[in-house]
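To start, the structure itself, in structure tokens.
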Amino acid sequence: MKKQDFTFGIHAVEALLKNSPERVIEMWVLQGRDDQRLMPLIAMAAEYGVSVQQASRKALDDKAGSSQHQGVLVRAKPAKQLNDNDLLALLDKTETPFLLILDGVTDPHNLGACLRNADAAGVHGVIVPRDNSVGLTPTVSKVACGAAEVVPLFQVTNLARTMKALQEKGVWIVGAAGEAEHDLYKADLKGPIAIAMGAEDKGLRRLTRESCDSLASIPMAGSVSSLNVSVATGICLFEAVRQRLG
């Protein structure tokens, strides 16, 4: 069995059972653990007819490829991989789209944290290129704390082409870039919007940057030249939330 078949961590497993119980094949829990955080998951699994087995810590570590499983792990059918057509279908039924574009984010911890930010901010979907980007791995789901099961992740073949399609649908794309003339707090983020973020070390790729309608920077007062992409994403998304609620 591939590690990609597994989802682990209390929040990630709970979200999977709540949102896609039909995908769950079987569950393993840490032998001897019966605390209040785990028992509701065991009851939920039983409700959906999911087999629950006890396993040693080493067995769970081996299955998860990590010791950060919090004593629970499930094997599940892969989620449907969403693509450009699914994204266009979402746009057709969303009145004021609020999207996040992640260009070149290859670290699963960063993608998981960005998905968690996106869920908290009410983002309708996250867009990543199929190549040069991490997909939905078990670590992404664990770090996302359940957000990976509720925020659609669209993996697109050609990011620049997808951005053009968004613009043709009336979505304004703002890219975060340190060299931008205007800062984030002067940008208009109230209408149909997509915020484009690049990897921390490289930023947005040239073609992605050129495909944006405008660029905005996060004001930096200290000696640090850049922020972790998930931190920068949270700042940008919640500035958009502030404006959209105003």
### Message
Contact between Pro219 and Tyr185 at the side-chain level, heavy atoms closer than 4.5 Å - yes or no?
### Response
yes
### Contact summary for Leu237 and Ala121, nearest pair of heavy atoms
CB-CB, 4.0 Å
### Summary
Heavy atoms of Val143 and Gly112 approach each other most closely as CG1-C, 3.8 Å
### Message
Please report the interatomic distance CG(Leu82) to CG(Leu87), rounded to the nearest 0.5 Å.
### Response
9.0 Å
### Message
Could you tell me if the side chain of Leu16 sits less than 4.5 Å from the side chain of Val74, heavy atoms only?
### Response
yes
#### Entry: Minimum heavy-atom distance between Gly71 and Leu38, given as atom pair plus value
O-CD2, 3.9 Å
### Message
With a 4.5 Å cut-off on side-chain heavy atoms, are Phe154 and Thr162 touching?
### Response
no
### Query
Do you know which two heavy atoms are closest between Ala118 and Val151, and how far apart they sit?
CB-CG1, 4.3 Å
### Message
Go through it in stages, so that I can follow the logic: the residues are His124 and Leu91, the test is side-chain contact (heavy atoms from CB on, under 4.5 Å), and I'd like the CA-CA distance, side-chain angles, deciding distance and then a yes or no.
### Response
CA-CA 9 Å; His124 296 115; Leu91 292 178; over 6 Å; no
#### Entry: Counterpart residues, side-chain contact (heavy atoms from CB on, under 4.5 Å), relative to Asp213 (two or more places apart)
Gln167, Trp172, Ile173
### Any side-chain heavy-atom pair of Met163 and Cys212 under 4.5 Å
yes
### Summary
Value for CD1 (Ile193) from CZ (Phe98), rounded to nearest 0.5 Å, stands at 8.5 Å
### Query
Shared ILVMFWY cluster between Leu227 and Ile195, side chains joined below 4.5 angstrom?
yes
### Message
According to a hydrophobic-cluster definition based on side-chain heavy atoms being under 4.5 Å apart (Ile, Leu, Val, Met, Phe, Trp, Tyr only), do Leu102 and Val140 belong together?
### Response
yes
### Query
Are the side chain of Asn19 and the backbone of Ala15 linked by a donor-acceptor contact shorter than 3.5 Å?
yes
### Task
Can you measure from NE2 (His69) to CZ (Arg57) and round to the nearest 0.5 angstrom?
6.0 Å
### Task
Answer yes if Leu207 and Ile101 sit in the same cluster of Ile, Leu, Val, Met, Phe, Trp and Tyr residues linked by side chain heavy atoms under 4.5 Å apart, and no otherwise.
no
## Note on the structure
Smallest heavy-atom separation, Leu136 atom then Ala148 atom, equals CD2-CB, 4.0 Å
### Task
Answer yes or no: is there a side-chain heavy-atom contact under 4.5 Å between Asn158 and Arg130?
no
### Rounded distance (nearest 0.5 Å) linking atom CG of Leu73 with atom CD1 of Ile10
12.5 Å
### Query
If Ile, Leu, Val, Met, Phe, Trp and Tyr residues are connected whenever their side-chain heavy atoms lie under 4.5 Å apart, and connections chain through other members, are Val231 and Val174 in the same group?
yes
### Query
Could you walk me through whether Ser141 and Glu149 pass the side-chain contact (heavy atoms from CB on, under 4.5 Å) check?
CA-CA 8 Å; Ser141 294; Glu149 306 303 329; 4.0 Å; yes
### Query
Would Leu100 and Leu111 show up in the same hydrophobic cluster when neighbours are defined by side-chain heavy atoms closer than 4.5 Å?
yes
Review item, side-chain donor-acceptor pairs of residues 239-246, under 3.5 Å, at least two apart:
residue, atom, partner, partner atom, Å
Glu239, OE1, Arg242, NE, 2.9
Glu239, OE2, Arg242, NH2, 2.8
Glu239, OE2, Gln243, NE2, 2.8
Gln243, OE1, Leu189, N, 2.8
Gln243, NE2, Ala187, O, 2.9
Arg244, NH1, Leu189, O, 3.2
Arg244, NH1, Lys190, O, 3.3
Arg244, NH1, Gly191, O, 2.6
Arg244, NH2, Thr96, O, 3.2

### Query
Is Lys186 close to Leu184 at the side-chain level, that is, under 4.5 Å between some pair of heavy atoms?
no
### Asp92 bridged to Lys169 by N-O distance under 4.0 Å
yes
### Message
With salt bridge (Lys or Arg N to Asp or Glu O under 4.0 Å) as the criterion, how do Asp86 and Lys80 come out once you've worked through the C-alpha distance, each side chain's angles and the decisive distance to 0.1 Å?
### Response
CA-CA 10 Å; Asp86 299 302; Lys80 178 181 182 290; 3.1 Å; yes
### Task
Would you sort out whether Leu166 and Ile127 count as a side-chain contact (heavy atoms from CB on, under 4.5 Å), showing the intermediate values?
CA-CA 11 Å; Leu166 291 177; Ile127 302 162; 3.8 Å; yes
### Query
Given side chains that start at C-beta, do those of Leu215 and Arg209 come closer than 4.5 Å, heavy atoms only?
yes
### Task
Flag the pair Asp61 and Lys58 as a salt bridge only when some basic side-chain nitrogen lies within less than 4.0 angstrom of an acidic carboxylate oxygen.
no
### Query
Any sub-3.5 Å donor-acceptor pair from Arg23's side-chain atoms to Lys77's backbone N or O?
yes
### Message
Test salt bridge (Lys or Arg N to Asp or Glu O under 4.0 Å) on Glu14 and Arg37; report intermediate values, then the result.
### Response
CA-CA 10 Å; Glu14 180 182 26; Arg37 297 185 74 194; over 6 Å; no
### Summary
Here the gap from Arg116 atom CZ to Cys145 atom SG, rounded to the nearest 0.5 Å, amounts to 3.5 Å
### Message
Leu30 vs Val72, test: side-chain contact (heavy atoms from CB on, under 4.5 Å). Steps then yes/no.
### Response
CA-CA 6 Å; Leu30 182 62; Val72 61; over 6 Å; no
### Query
Excluding sequence neighbours, so at least two apart, what forms side-chain contact (heavy atoms from CB on, under 4.5 Å) with Thr106?
Asn132
### Task
Answer whether the closest heavy-atom distance between the side chains of Arg205 and Pro129 falls below 4.5 Å.
yes
### Query
Is it true that Asp103 and Lys202 have a side-chain N and a carboxylate O under 4.0 angstrom from each other?
no
### Query
In Å, rounded to the nearest 0.5 Å, how long is the span from CD of Gln68 to CG of Leu60?
12.5 Å
### Query
For Met197 and Ala176, which heavy atoms make the closest approach, and how far apart are they?
SD-CB, 3.6 Å
### Query
For Gln53, does the CD atom sit with more than 12 other heavy atoms under 6.0 Å from it, leaving out its own atoms?
yes
